[in-house]
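Working notes, beginning with the structure itself.
When reading the values below, keep in mind they use all heavy atoms of this one structure, side chains included, and skip hydrogens, waters and symmetry mates.
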Amino acid sequence: MSALAALIRRDIRIALRVGGGALIGVLFFLTVTVLMPFAVGPDLALLSRLGPAILWLGALLASLLTLDRLFTADHEDGSLDLIVMSRTPLELACAAKALAHWLAAGLPLIVATPVLGLLLNLDGTATLAVALTLLAGTPALTFTGMIGAALAVTLHRGGLLLAVLVLPLSIPVLIFGVAASQAAISGPMSFGTPFSILCALSLFSLVIGPFAAAASLRHGLD
């Protein structure tokens, strides 16, 4: 456990330093949210209806933007080989790296949501609903994206392949995240149904993601 805790602390420090990637995701999320009102126009009712979808789409793209650094930096400096050969199970190491990535790149998006919701004419209840769905759904984006990052780590121009692999897997999370947000804001659908499915997707990716990523790393580094 001490080795996993040290790995999490190390990855968080690397992600938060300048050029680590975490700040890039937050800035991209901010840019998408700020530019969207200019594209939609002065219709505040339309903007508030589109607000949850805009926030979710921005969070999805920001998460995708930072996923390529999940294993690439470790592969470039050789530390990924040490992680694979260590006595710590590779599945647990992958889960620890994904958790560190979510804490450094995913959690700041959730913290920024209440402020950015004001730009989209969302009231406090709507902003809280979107933040809650992001809290439940962004782990699924991270652990699903970890599989694509593990597949693309040893490939030239793997970032393009990462987007092709991860985006289709992220669509169910996007659908149920927006559906849960809209249900909490305006109905008539019950909030519990899409939110429960969203939580189930995160739990499923939490179980499957580390094993699939570890298998991909073993195959790619052999």
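- Atom CD of Glu91 is separated from atom CG of Leu217 by 10.0 Å, given to the nearest 0.5 angstrom.
- Thr66 places a side-chain N or O within donor-acceptor distance of the main-chain N or O of Ser63, the cut-off being under 3.5 Å.
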From CA spacing to verdict: side chain to side chain contact (heavy atoms under 4.5 Å, CB included), Leu57, Met36: CA-CA 11 Å; Leu57 187 59; Met36 197 58 66; 5.8 Å; no
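- Nearest heavy atom pair, residue Val166 against residue Gly145, reads CG2-CA, 3.8 Å.
- Closest heavy-atom contact between Trp102 and Thr138: NE1-OG1, 2.9 Å.
- Leu141 and Ile208 are assigned to two separate hydrophobic clusters, defined by single-linkage of ILVMFWY side chains at heavy-atom distances under 4.5 Å.
- Connection of Phe176 to Ile110 is established within a shared hydrophobic cluster, with ILVMFWY side chains joined at heavy-atom distances below 4.5 Å, either directly or through further cluster members.
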Chi angles and distances behind the side chain to side chain contact (heavy atoms under 4.5 Å, CB included) call for Ile83, Thr88: CA-CA 8 Å; Ile83 293 174; Thr88 303; over 6 Å; no
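- The distance from the CG atom of Leu119 to the CG atom of Leu30 is 8.0 Å, given to the nearest 0.5 Å.
- Transitive grouping of hydrophobic side chains (ILVMFWY, heavy atoms separated by less than 4.5 Å) keeps Phe195 and Leu206 in distinct clusters.
- Contact record, Ala129 with Ser181: O-OG, 4.2 Å, taken as the closest heavy-atom pair.
- When all heavy atoms of Ser216 and Leu151 are compared, the pair lying nearest together is OG-CD2, 3.3 Å.
- Closest non-hydrogen pair, Ala53 versus Val178, comes out as CA-CG2, 3.9 Å.
- Between Val173 and Thr144, the closest side-chain pair of non-hydrogen atoms is not below 4.5 Å.
- Formation of a donor-acceptor pair under 3.5 Å by the Thr33 side chain with backbone atoms of Phe29 is found in this model.
- Remark: Leu60 CG to Leu65 CG distance equals 11.0 Å, nearest 0.5 Å.
- Within the 3.5 Å criterion, the main-chain N or O of Ala45 finds a donor-acceptor partner in the side chain of Ser48.
- A donor-acceptor pair is defined here as one N or O able to donate and one able to accept, closer than 3.5 Å; such a pair exists between the side chain of Ser205 and the backbone of Ser202.
- For the pair Thr127 (side chain) and Gly124 (backbone), a donor-acceptor distance under 3.5 Å is absent.
- A donor-acceptor pair shorter than 3.5 Å cannot be found between the side chains of Thr125 and Asp123.
- Phe191 has its side chain within reach of Leu132: a pair of non-hydrogen atoms, C-beta onward, lies under 4.5 Å apart.
- Between the side chain of Asn121 and the backbone N or O of Leu44 there is at least one donor-acceptor pair closer than 3.5 Å.
- A donor-acceptor pair under 3.5 Å is formed between the side chain of Thr113 and the backbone N or O of Leu109.
- Just one of Ile54, Val40, Val130 meets the side chain to side chain contact (heavy atoms under 4.5 Å, CB included) condition when paired with Leu120; it is Ile54.
- Listed here is the closest heavy atom pair of Ala105 and Pro108: C-CD, 3.7 Å.
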Residues Asp74, Lys97; criterion side chain to side chain contact (heavy atoms under 4.5 Å, CB included); working and verdict: CA-CA 11 Å; Asp74 291 335; Lys97 289 184 68 64; 2.4 Å; yes
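- One finds the OG atom of Ser170 at 7.0 Å from the CG atom of Leu64 (value rounded to the nearest 0.5 Å).
- Follow the hydrophobic side-chain contacts under 4.5 Å out from Ile171 and you never reach Leu167; the two are in separate clusters.
- Residue Ile147 holds its CD1 atom at 7.0 Å from CG of Leu169, rounded to the nearest 0.5 Å.
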Side chain to side chain contact (heavy atoms under 4.5 Å, CB included) assessment of Met146 paired with Leu67: CA-CA 7 Å; Met146 176 177 59; Leu67 278 175; 5.8 Å; no
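- By the rule that hydrophobic residues join a cluster once side-chain heavy atoms approach within less than 4.5 Å of another member, Leu134 and Val26 end up as members of one cluster.
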Stepwise salt bridge (Lys or Arg N to Asp or Glu O under 4.0 Å) test for Asp43 and Arg49: CA-CA 10 Å; Asp43 190 343; Arg49 287 198 304 271; 5.3 Å; no
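- Between atom CD of residue Gln182 and atom CH2 of residue Trp56 there is a gap of 13.0 Å, rounded to the nearest 0.5 Å.
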